[in-house]
Amino acid sequence: DSFFNTNPLIFPGDNAIFVSEDTAAPTMVFEIRDFNGLAVSGSALLKGDYTLRVASSEELLGDPLIQVITSSGGDLSAGYQPMNDLPNNEYYFPISISSATTAGDLLISIEMVDLAEILAYYNLSNFSIDAKAPTVNIFSPTSINDGAKYLYGNTITVIAGAEDDVGIEKVQIRLIQ
C-alpha cells in the first residue's frame with residue numbers, strides 16, 4: 001500500500017485479482033448517414049440508401065442487434081440483425097428505402113450488451129419515411145391536342161391539383177412563355 005505495508009501471502013494472479021466495477025449500461029450516439037456518408041439533417045428520409053451508425057460508450061460483448069420497422073407495418077431489417085463492426089466501438093447497418101415503401105414513422109430498436117453483461121435497449125422514433133414524390137395534375141388549360149385554342153389577350157384560368165401520401169406544404173406554379 002502507500003505506507004509500504006506488504007502481505008507476502010497475496011500473489012497477483014494466484015489468490016488476488018484486480019476487479020473493475022461496471023454498474024452502468026452502455027450508452028450510445030446514433031446517426032443516420034445518406035449514400036454520400038453525410039449525416040441526415042432532417043427527420044424525413046426520402047427514397048435512397050442510408051447507413052444507421054451507432055457509437056458505443058464502451059466495449060461491447062458482441063455486435064449490437066438492430067431492428068428497423070415502419071409504423072405502417074414494413075420491416076427494413078428482416079427482424080433483429082447484428083450490426084456491422086467498425087473500429088473504436090462503432091457499428092453500422094445499411095437500409096434501403098424504395099419508392100414503394102409506405103410513408104410513416106421509422107421505428108428503430110437497438111440492443112447492446114457490455115463486457116459486464118449489462119443489457120441496454122434503445123428505441124428511436126424521431127425519423128419518418130416520405131419515399132414517394134408528390135404528383136401534380138393540370139386540368140385546365142387543356143393542350144392544343146385536345147382541341148383547345150387560345151387567342152392573345154384571352155384570360156386563361158389554370159386549374160391544377162397536387163397530391164402526396166404525406167401531405168402538401170405548398171404548391172408553386174411558374175408560367176413560361
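The structure presented is a predicted model; accordingly, all values stated were derived computationally and were not measured.
The two atoms that bring Ala39 and Glu31 nearest to each other are CB-OE1, 3.7 Å, heavy atoms only. The heavy-atom pair separating Ile118 from Pro26 by the smallest distance is O-CD, 3.7 Å. Residues Phe127 and Gly42 come closest through the heavy atom pair CE2-O, 3.7 Å. Of all heavy-atom pairs between Leu86 and Arg53, the closest is CD1-NH2, 3.4 Å. Scanning all heavy atoms of the two residues, the minimum distance from Leu60 to Leu115 falls at O-CD2, 3.8 Å. Nearest heavy-atom pair across Tyr91 and Gly62 is OH-O, 4.3 Å.
Cluster annotation: Val113 and Phe93 are assigned to distinct hydrophobic clusters (Ile/Leu/Val/Met/Phe/Trp/Tyr, side-chain heavy-atom contacts under 4.5 Å, transitive). Placement of Leu107 and Ile66 in two distinct hydrophobic clusters is found when ILVMFWY residues are connected by side-chain heavy-atom separations under 4.5 Å, directly or transitively. Each of Tyr80 and Ile108 belongs to its own hydrophobic cluster when Ile, Leu, Val, Met, Phe, Trp and Tyr are linked at side-chain heavy-atom distances under 4.5 angstrom. Hydrophobic clustering of Ile, Leu, Val, Met, Phe, Trp and Tyr side chains at less than 4.5 Å, counting indirect connections, unites Ile32 with Tyr122. The hydrophobic clustering, which links ILVMFWY residues whose side-chain heavy atoms are closer than 4.5 Å, places Ile69 and Tyr50 apart.
Summarising the local packing, CG of Leu119 is surrounded by more than 12 heavy atoms from other residues, nucleotides or ligands at distances under 6.0 Å. Atom CD of Glu163 has 12 or fewer heavy atoms from other residues, nucleotides or ligands within 6.0 Å. Enclosure of atom NZ in Lys47 is not indicated, since only 12 or fewer non-hydrogen atoms of other residues, nucleotides or ligands lie within 6.0 angstrom. Open room surrounds CD1 on Ile173; 12 or fewer heavy atoms of other groups in view lie less than 6.0 Å from it.
The CD atom of Glu58 sits 7.5 Å away from atom OG1 of Thr27, with the distance rounded to the nearest 0.5 Å. The CE atom of Met83 sits 10.5 Å away from atom OG of Ser77, with the distance rounded to the nearest 0.5 Å. Going from atom CE of Met28 over to atom OG of Ser56 covers 9.5 Å, rounded to the nearest 0.5 Å. Note that the CG atom of Asp63 and the CD atom of Glu111 stand 12.5 Å from one another [nearest 0.5 Å]. Rounded to the nearest 0.5 Å, atoms OG1 (Thr101) and CG (Asp130) are 11.0 Å apart.
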Output, in order, the C-alpha distance, side-chain angles, deciding distance and verdict of side-chain contact (heavy atoms from CB on, under 4.5 Å) for Leu61 and Asp114.
CA-CA 5 Å; Leu61 193 60; Asp114 69 8; over 6 Å; no

Show, in sequence, the C-alpha distance, side-chain angles and deciding distance for Leu106 and Val68, and conclude whether the side-chain contact (heavy atoms from CB on, under 4.5 Å) test is met.
CA-CA 7 Å; Leu106 195 62; Val68 184; 3.7 Å; yes

List the steps and the verdict of side-chain contact (heavy atoms from CB on, under 4.5 Å) for Ile129 and Leu76.
CA-CA 11 Å; Ile129 296 175; Leu76 301 178; 4.1 Å; yes

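Two residues are said to be in side-chain contact when any heavy atoms from C-beta on lie closer than 4.5 Å; Val40 and Leu45 meet this criterion. Side-chain atoms of Val54 and Val29, non-hydrogen and from C-beta on, never get closer than 4.5 Å to each other. Contact annotation: the side chain of Ile95 approaches that of Leu52 to within less than 4.5 Å [non-hydrogen atoms, C-beta and beyond]. Side chains of Leu124 and Ser109 form no contact here, defined as non-hydrogen atoms less than 4.5 Å apart.
For the pair Asp34 (side chain) and Asn36 (backbone), a donor-acceptor distance under 3.5 Å is present. Side-chain N or O atoms of Asp75 include one that pairs as donor or acceptor with a backbone N or O of Gly79 at under 3.5 Å. Under a 3.5 Å cut-off, the side chain of Ser71 and the backbone N or O of Asp105 do form a donor-acceptor pair. Listed for the Asp22 side chain is a donor-acceptor partner under 3.5 Å among the backbone atoms of Ala24.
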